[in-house]
Amino acid sequence: PTILLSGAVSGEEEVPDGVLGVLVRSAREAPDILSHCAVRARNFGVLLATCFDPAISEQLAKDFEGKWVEVRCKVDGTLTVEEKERPAGDAAKAQA
């Protein structure tokens, strides 16, 4: 499973296999909510979110690149991102 921190999404892209969430770094580069990509994400249950603060997206990239994370959406629409341990079952698969 993958969470992408994307620099830009035009709205025409397909959601790649294995992607559970796409976090767009900039509101200027985010797709319209009715774009092909947004509709596909919604239909497949993939989180599509936009960061409105460049400092936050830079910090996310710095803190979490290449790490296992949990992303939670709060009632107010904000997200929390926390580092998590790699699931035990996935570690065994990675060594096989």
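The first residue of the sequence shown is numbered 1, and numbering continues consecutively from there. All values below come from the heavy atoms of this structure, side chains included, with hydrogens, waters and symmetry mates left out.
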Under the side-chain contact (heavy atoms from CB on, under 4.5 Å) criterion, do Leu79 and Lys74 qualify, and how do the steps go? CA-CA 6 Å; Leu79 301 177; Lys74 297 196 242 176; over 6 Å; no
Go through Arg72 and Glu70 one step at a time and tell me if the salt bridge (Lys or Arg N to Asp or Glu O under 4.0 Å) criterion holds. CA-CA 7 Å; Arg72 291 188 176 259; Glu70 178 179 83; 2.9 Å; yes
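- Counting heavy atoms from C-beta outward, Glu14 and His36 have side chains that approach closer than 4.5 Å.
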List the atom pairs, donor and acceptor, that lie under 3.5 Å between side-chain atoms in residues 16-31 and the rest of the protein, sequence neighbours left out.
{"unit_1": "Ser26", "atom_1": "OG", "unit_2": "Arg28", "atom_2": "N", "d": "3.1"}

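- Linking ILVMFWY residues whenever their side-chain heavy atoms come closer than 4.5 Å, directly or via other members, leaves Phe52 and Leu5 in distinct clusters.
- Linking ILVMFWY residues whenever their side-chain heavy atoms come closer than 4.5 Å, directly or via other members, leaves Leu47 and Leu4 in distinct clusters.
- In this structure, Glu83 and Phe64 have side chains that are in contact, with non-hydrogen atoms separated by less than 4.5 Å.
- Hydrophobic clustering keeps Val81 apart from Trp68 (ILVMFWY residues linked when any side-chain heavy atoms are closer than 4.5 Å, directly or through intermediates).
- For Ser6 (side chain) and Ala8 (main-chain N/O), a donor-acceptor pair under 3.5 Å exists by modelled atom type.
- The minimum heavy-atom distance between Ser57 and Cys51, with the atom names listed, is N-SG, 3.7 Å.
- Residues Val46 and Val9 share a hydrophobic cluster, clusters being chains of Ile/Leu/Val/Met/Phe/Trp/Tyr side chains in contact below 4.5 Å.
- Ser10 approaches Glu13 most closely through the heavy-atom pair N-OE2, 2.9 Å.
- Hydrophobic clustering (ILVMFWY, side-chain heavy atoms < 4.5 Å, transitive): Val15 and Ile3 are in distinct clusters.
- By the salt bridge (Lys or Arg N to Asp or Glu O under 4.0 Å) test, Arg42 is found to be paired with no residue, residues two or more places apart in sequence or in another chain being considered.
- Side-chain contact check for Val69 versus Glu82: every heavy-atom pair is 4.5 Å or farther apart.
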